[in-house]
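First the structure, in the form of structure tokens, and then the observations on it.
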Amino acid sequence: MIDPHVLRDDPDRLRDSARRRGEDESIVDTLIDLDVAKRTAQQAYDEIRARQKALSKKIGPLQGQARKDPDNLDTQRELAELMSAAGAMSDEVKAADARAAGLSAELNQAWLSVSNVVDPRSPVGGEDDFVVVSTHGQPRDFNAEGFIAKDHLELGQLLGAIDVERAAKVSGSRFYFLTGVGALLELALLNLAIAQATKHGFIPVVPPVIVNPQAMEGTGFLGQAADNVYQISEEDSYLVGTAEVPLAAMHSQEIIDAGHLPLRYVGWSTCFRREAGSHGKDTRGIIRVHQFDKVEMFVFTTLEQADAEHQRLLAWEQEFMDTLEIPYRVIDVATGDLGASAARKFDIEAWIPTQETYREVTSTSNTTQFQARRLGIRTKIDGATTPVATLNGTLCAMPRMIVALLENHQQPDGSVEVPKALRPYLGLDLLPVRP
RNA sequence: GGAGGGAUGGCCGAGCGGCCGAAGGCGACGGUCUUGAAAACCGUUGAGGCGGUACCCCCGUCUCCGUGGGUUCAAAUCCCACUCCCUCCGCCA
């Protein structure tokens with residue numbers, strides 16, 4: 001949700017944002033019409049309701065009088081007149097109320113379909129129009145080392161770490177078993193990530209992964225992204241695609257003490273994604289799966305601080321990549337690829353040797369006040385209550401991080417060297433090939 | 001799954017159908033006192049919409065007492081449904 005005042009004061013900002021996103025800007029005119037109609041109806045209701053209340057207020061005392069002096073016909077008549085006038089007004093009030101409520105619901109519905117106003121710095125365009133911000137680390141030259149890199153699935157099988165065939169038997173395509181060192185690797189990554197986050201003051205959280213429609217709607221995942229959401233129809237609830245959802249909704253309808261901001265959480269949760277519309281993409285291995293675990297940072301802060309916090313989240317993501325000694329680049333995601341709630345988004349893409357390209361492993365978004373408005377999360381600044389800003393950033397999405405780790409640190413025989421920082425958490429310097 | 005109890009402002013907690021956006025307390029904020037602080041005393045203190053020509057202030061008005069319906073001239077208060085929480089019993093990670 002966007003500040004409704006923008007609609008009245010500067011509707012061109014909304015049109016401009018929609019255009020940059022490649023979305024239909026005619027929604028702005030619909031909103032303006034609905035906004036005017038709703039306010040008019042609301043004023044009509046307020047006015048008639050005020051008259052009704054004034055009238056009703058007179059009835060009580062008059063009834064008292066009538067009881068004390070039952071023979072006074074003037075009082076009786078006056079009372080009867082008031083009652084019938086108020087009775088007639090009652091229907092009018094109900095009608096006016098229904099009109100205003102209907103328009104208000106319609107307006108809200110329209111607002112929900114509007115994506116966040118993009119940051120003017122976000123590059124305009126589609127998925128491929130990102131801007132490379134920086135590149136870090138040096139991809140290995142496997143030719144120079146004298147061997148051909150194996151892909152993560154082959155490595156995973158050699159190590160006894162990844163089993164997709166049996167997962168297909170049990171669950172279908174895009175599922176996997178992590179076994180042996182694969183399972184240990186996930187746990188080690190989890191602990192390393194949580195250790196880094198808590199070191200920086202994040203509060204660790206294990207959130208629920210089944211949420212109600214308000215949480216899903218509030219975080220902006222029931223719009224264009226709805227296709228990718230698993231719905232539990234019997235329960236009218238959803239499986240989350242990221243811990244961002246429960247972490248954001250955790251403080252919905254609350255006023256957070258300004259002294260507690262920035263409020264930083266690091267959540268660990270399973271994530272569920274239908275991956276509808278991605279048939280044929282990344283079908284090999286565990287790059288694109290229906291279920292995975294992820295360590296996610298989530299921050300509540302002020303709008304003024306949001307941009308600086310976004311940079312910090314990116315820096316923490318980079319710190320994690322650096323720790324794991326994986327080459328990567330940072331991209332500024334283009335407007336058409338932001339999703340409904342983000343104003344600006346940076347992705348970290350890890351170098352994947354066998355694909356000879358960079359692939360997304362983490363992502364951080366500044367959703368400004370978009371989610372906070374929908375979820376009713378506010379704070380008090382100088383006596384005024386105002387929506388907070390929310391931001392999120394991936395610290396470690398397990399399957400993709402494991403892919404990057406295996407491929408980048410592999411040895412000629414298929415064993416994998418463990419980055420130093422991970423060794424204490426794993427208890428191994430090398431993932432050995434299974435005999 | 002069965003039985004009972006509850007949901008009110010930042011928190012606790014009262015509330016007869018009209019005088020209730022709501023007593024009282026706590027907390028917070030401002031002030032008096034004090035070298036400073038504490039204590040004591042005085043005062044202020046919910047959110048949101050719309051309008052009064054503009055952000056804040058101020059004024060008016062409407063909405064909000066778990067959610068949604070209903071009864072009534074009038075609902076925090078009466079009725080119905082739902083959700084959540086608590087206690088007890090049963091079942092079970």
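Residue numbers start from 1 in every chain, and the chains themselves are labelled A, B, ... in the order their sequence lines are given, proteins ahead of strands.
Rounded to a whole Å, the CG atom of Asn212(A) is 10 Å from the P atom of rC84(B). Nucleotide rC50(B) holds its P atom 19 Å from the CZ atom of Arg99(A), rounded to whole Å. When rounded to the nearest whole Å, the span between CD of Gln43(A) and P of rG51(B) equals 5 Å. Atom pair Asp97(A):CG and rC62(B):P shows a separation of 14 Å (rounding to whole Å applied). One atom, NZ of Lys38(A), and another, C1' of rG49(B), lie 6 Å apart when rounded to the nearest Å. Counting to the nearest Å, the C1' atom of rG49(B) and the CG atom of Leu103(A) are 15 Å from each other. One interatomic measurement links the two molecules: CZ of Arg49(A) to C1' of rU63(B), which rounds to 9 Å at whole-angstrom precision. Here the P atom of nucleotide rU72(B) and the NZ atom of Lys57(A) are 22 Å apart, to the nearest Å.
If you look at Phe298(A) and His251(A), their ring centroids are not closer than 6.0 Å.
Applying the Watson-Crick and G-U wobble criteria (two distances, each under 3.5 Å), rC88(B) pairs with rG2(B). Figure legend. rG48(B) is base-paired to rC62(B); pairs are counted as Watson-Crick or G-U wobble with both atom distances under 3.5 Å. Base pairing annotation: rA75(B) forms no Watson-Crick or G-U wobble pair, as no partner gives both donor-acceptor distances under 3.5 Å. In this structure rG24(B) sits in a base pair with rC12(B), meeting the Watson-Crick or G-U test at under 3.5 Å. Pairing for rG36(B) is absent, judged as Watson-Crick or G-U wobble with the two contacts each under 3.5 Å. Using Watson-Crick or G-U wobble geometry with both donor-acceptor distances under 3.5 Å, rU67(B) finds its partner in rA81(B). When Watson-Crick and G-U wobble pairs are counted only if both distances are under 3.5 Å, rG43(B) pairs with rC29(B).
For Tyr45(A), counting side-chain heavy atoms from C-beta on, the closest listed nucleotide (rC50(B), rG18(B), rC62(B)) is rC62(B). Checking rC73(B), rC50(B), rA47(B) against the side-chain heavy atoms of Arg39(A) singles out rC50(B) as nearest. Considering only the side chain of Lys94(A), rU71(B) comes nearest among rU63(B), rU71(B), rA47(B). In the set rC73(B), rU71(B), rC50(B), rC73(B) carries the atom at the smallest distance from any side-chain atom of Ser90(A). When distances run from any side-chain atom of His5(A) to the nucleotides rC73(B), rC50(B), rA47(B), the shortest one goes to rC50(B).
For Thr385(A), no side-chain nitrogen or oxygen approaches OP1 or OP2 of rG46(B) to under 4.0 Å. At rC50(B), one or more side-chain N or O atoms of Arg8(A) fall inside 4.0 Å of OP1 or OP2 (strictly under the cut-off).
On a pure distance criterion of 3.5 Å, a polar donor-acceptor pair joins the side chain of Asp46(A) and the base of rG49(B).
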Candidate pair Arg374(A) and Gln371(A), rule side chain to side chain donor-acceptor pair (under 3.5 Å), full reasoning | CA-CA 5 Å; Arg374(A) 291 175 165 224; Gln371(A) 294 177 331; over 6 Å; no

Going through the distances and angles, do Arg15(A) and Asp12(A) end up as a salt bridge (Lys or Arg N to Asp or Glu O under 4.0 Å)?
-> CA-CA 5 Å; Arg15(A) 292 194 183 93; Asp12(A) 282 339; 2.7 Å; yes

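Residues Arg378(A) and Ser56(A) both approach RNA chain B. Their nearest nucleotides, taken by heavy-atom distance, put Ser56(A) toward the 5′ side.
Remark: the separation of the P atoms in rG36(B) and rA76(B) is 49 Å, to the nearest Å. Spacing of C1' atoms, rU77(B) relative to rU72(B), comes out at 13 Å, to the nearest Å. Comparing rG15(B) with rC50(B), their C1' atoms sit 30 Å apart, to the nearest whole Å. Taking the C1' atoms as reference points, rC58(B) lies 47 Å from rG5(B), given to the whole Å. With both ends at atom C1', the span from rA38(B) to rU34(B) equals 10 Å, rounded to whole Å. Remark: the separation of the P atoms in rU67(B) and rG9(B) is 10 Å, to the nearest Å. The P atoms of rC91(B) and rG66(B) are separated by 36 Å, rounded to the nearest whole Å.
Taking CD1 of Ile162(A) as the start and CD of Glu154(A) as the end, the distance is 11.5 Å to the nearest 0.5 Å.
Residues passing the salt bridge (Lys or Arg N to Asp or Glu O under 4.0 Å) test with Asp337(A), sequence neighbours excluded: none.
Arg166(A) CZ: 12 or fewer foreign heavy atoms inside a 6.0 Å radius.
For the residue pair Thr394(A) / Ser363(A), no side-chain donor-acceptor distance below 3.5 Å is found, with atom types taken as modelled.
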